Amino acid sequence: MGMAWLQLQRIITKGGAHSISPLPHSAPYSRFFSKSSPYVVKVGIPEFLNGIGKGVESHVAKLESEIGDFQKLLVTRTLKLKKLGIPCKHRKLILKYTHKYRLGLWRPRVESINA
């Protein structure tokens, strides 16, 4: 017991404990947070469907007239979308991305204007 205590004291007095970085992994991960990707601030039905893409944006007018509010779209079920005449693939995409949006895992990006 006494020998281990003496070795520990020697390490502390020589500065051995201070030479070790407390967070060795902090440097490589800092680059992931340096850039923030641009997201749409106000999300409505058109911005949401355009963010999904893949042809889903063709249903903007239909969904805005029938559902009206983006918050209602987030809780809409597949049967309601089917009754509106939205094809199966598009229904699946809309429901997939509304679920991700509710969980905070996805947001539509701002489209860059390169005109």
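Computed from a predicted structure; not experimentally measured.
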Does some side-chain heavy atom of Thr76 sit less than 4.5 Å from a side-chain heavy atom of Leu63?
no
Parallel, tilted or perpendicular: ring planes of Tyr101 versus Phe48, cut at 30 and 60 degrees:
perpendicular
Evaluate the criterion side chain to side chain contact (heavy atoms under 4.5 Å, CB included) for residue pair Val56 and Asn50; output intermediate values, then yes/no.
CA-CA 7 Å; Val56 177; Asn50 286 330; over 6 Å; no
Would you check if the side chain of Glu64 reaches a backbone N or O of Ala61 as a donor-acceptor pair within less than 3.5 Å?
no
If you measure from NE2 on His90 to NZ on Lys54, what distance do you get to the nearest 0.5 Å?
10.0 Å
Flag side-chain contact, heavy atom, 4.5 Å: Trp106 against Thr98:
no
Between Pro108 and Ile52, is there a side-chain heavy-atom distance shorter than 4.5 Å?
no
Nearest 0.5 angstrom please: Arg77 CZ to Lys82 NZ, how far?
15.5 Å
Do the non-hydrogen side-chain atoms of Leu81 and Leu95 ever get within less than 4.5 Å of each other?
yes
Donor-acceptor under 3.5 Å (Arg91 side chain, Ile86 main chain)
yes
Working to the nearest 0.5 Å, report the span between CD of Glu57 and CD1 of Ile45.
14.5 Å
His59 side chain reached by Pro87 side chain, heavy atoms, under 4.5 Å
yes
Within 6.0 Å of NZ in Lys62, more than 12 heavy atoms from elsewhere
yes
Hey, could you give me the OH/CG distance between Tyr97 and Leu74, rounded to the nearest 0.5 Å?
15.0 Å
Heavy-atom side-chain proximity of Ile67 to Leu84 below 4.5 angstrom:
yes
